[in-house]
Amino acid sequence: MKNILNAQWIKFPKVALEKEIYFTRKFDINKELVSASLEITALGVYFAEINGERVGNCIFAPGWTSYHKRLQVETYDVTDFIKKNNEIKVAVAPGWKGYNHFSRNGSDCYLGQNEMAMLCALTMEFADGEKRIITSGGDWKCEFGKNVYTQFYNGYVYNPAYVDISPEKAVIFPHNNKILLDRQGERIIEQERLAAKEIIITPKGETVIDFGQNMTGYVEFRIKGNKGERAVISHAEVLDAEGNFYTDNLRSAKAQAIFVCDGKEHIHKSQHNFFGFRYIRLENWSDEVKKENFTAVVVHSELKRTGYFECSDPRVNKLFSNIIWGQKGNFLDVPTDCPQRDERLGWTGDAQVFVKTASYNFDVERFFTKWLADLRADQTDWGSIPSVIPDVFSQDDSCSAAWADASTICPWQIYQTYNNRKILEDSVESMENYIEFIEGKSENGIWSRSWHFGDWLNLDGSSPEDCSKGTEKNLIATAYYIYSSNILIKTKELLGKDASEHKAKREASIAAFRREFMENGRIKPEFATQTACVLAVYFGISDNIAETAKQLNELVTECGHLKTGFVGTPYLLHALSENGYAETAYGLLLREEYPSWLFSVKMGATTIWEHWDSMREDGSMWDTSMNSFNHYAYGSVADWLYGVAAGINIDETKPGFEHIIIKPVTDSRLTFVNATIDTRKGVVKSGWKTENGKTTYSVEIPEGATATVIIGGETTEIGAGKYEF
Ligand code: BGC
């Protein structure tokens, strides 16, 4: 990033809410060009064309950051695009900057105004040594584009025949260039193309196409239609009990792609919008509907796939596939809760519970490095962490336990998976401010003076009216404080800093937790939920882990199923299997009646649902107020599949898989398990199979790594190579 720093921000002179704008400039060259590069960014989302050819393959650039404070710049090599007479065109649409369900005053949630703006510098070097730089400025033309309406939640209207008959001169938009940075995250690009599986005429008589997979992206379609006709594609994740197209769960998001036909044939796809969908419905479609005219384009951040798991139960394999698809659908520059309804936000709690699984499934080091930089940028001056990052709620003071802990848990996991010490160096101050914020909200070691989401969507007491009843919130909050402050202590010690004060406060909090919520090694009856036991066990808070784990096992076996929400679910199976109750843990994993992970699989899910019963046995739905079919949070169970079923674990003291603990736990209901993780050290494999009552284990350790293998109580130290036990 160089010359863009001297460019001027430009915007449209008229109000351009929910519209696309083209900024254009013509220029000629008359000598031999050696190189040309385009540095560019926008407030909004953009793509650039030179002489009608699209520059690069990024979509939704410059991505989503805390726009007030950090804005990414992309640099493209455009040498091959430049001719004698040239036109550069940049199309800008509101994207994440546009109207947002949660934004104040129902309008633009950034910068307090409805403006989209663009900044760029085209640098050309010629054979004779001359350098010419064309920057955005008052000499650019601007006009409305063919996306005559575009807004992330509602979708878009594309009119190929539209031409703005009164283009104007761009106006200079004073803005701060200090917020610019070279792209820090991964690019968002088109990743996969899925053919249409089936054309359905629903009981209502509507024409629906099924792509067989819930996903995030858009549909590329061939269309001619009749001139002036507005062909409408609507998007849905599921069909209802009667088999009709169901969009009530999208809340206010219209999620439509509307194409204004001009009587000519077009192959069209979205330019500035994405949808969460498996099905599309066609309306005002006068062409014959053929499957080959529709292809779903899957988009997400460009992440390398690193983790694989399979076992002898095809239902678990489908669950694993659904977890992978949940991550694809929600890792679109920011880890979001869901990709379809009028939300699609970087909820911290969701990211925190899933980060370990995420970092095994895909290489997310860069992805989280960027998001955590936004988290730090949006942290309040008094240390609290907003519930969504980027913070579209405008720094309100809510700081919920288990959500705000993304500020400690995510950097620690990125350090663990990738041995990235820098992320700890960058995060330690933010972690410390957060921990001190909690201490200021605590009384006698109990975090008691904040509002919390609680064990969100648990089954102890939640209903559409209140999703956070159930486990006592101060218990959850204090447990998370104890866990997060331990991460801060480990981080400080690793970086050679004194952590004694934090240690003392943490010890006092552990004592307070035991005094307030426990007796005789068990959670007191009035606080005894599965989640309460899980936290006391997994976070090592109980003074009698074996007894609290026993209590957890009793609570699970007495009711026969899990009751945990966002807070308890990620650690439930771990808390059981680490303490002698692997059979109960496997029982929960393999159960297919509601509530369980496999219930959604039985119901035909292709991604992870927000609720244990997003759709019920009879096809009826959870309340329309909040019901996503692509919410990755409960997919966090994959870290148990990798770590316990297949037994691949990071040694915390030698992170980045330098030393690996292989500790598989078998179960008679499975005959084989295999997992692979492509780590920074190389490929790690672990698996087992049982034949004629005999179990054989196979392990593969990459060069430069060592492992401790623990099987049947026996411990073996190994180096790189392939082994059988
Ligand atoms: C989101 C969640 C999020 C929650 C806060 C919901 O609307 O979809 O996943 O964590 O709000 O509790």
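Counting convention: from 1, in listed order, for ligands and their atoms alike. Start at 1 with the first residue, then count along the sequence.
- The aromatic rings of Tyr571 and Tyr538 lie parallel to each other, with less than 30° between the two planes, well short of the 60° mark.
- Residues that satisfy the side chain to side chain contact (heavy atoms under 4.5 Å, CB included) test with Ala61, not counting sequence neighbours, are Tyr46, Cys58, Tyr76.
- Taking only nitrogen or oxygen atoms, main chain and side chain alike, Trp347 does not reach within less than 3.5 Å of ligand 1.
- Here the side chain of Asn458 pairs a donor or acceptor atom with the backbone of Lys469 at under 3.5 angstrom.
- Residue contact check: Asp350 has heavy atoms under 4.0 Å from atoms 2 (C), 3 (C), 9 (O), 10 (O) of ligand 1.
- Stacking of Arg278 on the aromatic ring of Phe629 is not recorded, the 6.0 Å distance cut-off and the 45° axial limit not both being met.
- Using a 3.5 Å distance cut-off with no hydrogens or angles, the side chains of Thr624 and Asp248 do not pair a donor with an acceptor.
- With a heavy-atom cut-off of 4.0 Å, Arg344 does not touch ligand 1 at all.
- If you number the atoms of ligand 1 from 1 as listed, the ones under 4.0 Å from a heavy atom of Arg341 come out as 1 (C), 6 (C), 7 (O), 8 (O).
- Using a 4.0 Å cut-off to heavy atoms of Glu343, the atoms of ligand 1 that qualify are 1 (C), 6 (C), 7 (O), 8 (O), 11 (O).
- Using 4.0 Å as the threshold, His452 has no heavy atom nearer than that to any atom of ligand 1.
- With sequence neighbours excluded, the residues forming a side chain to side chain contact (heavy atoms under 4.5 Å, CB included) with Ser600 are Ala605, Trp609, listed by chain and number.
- Listed by number with element, the atoms of ligand 1 under 4.0 angstrom from any heavy atom of Glu610 are 8 (O).
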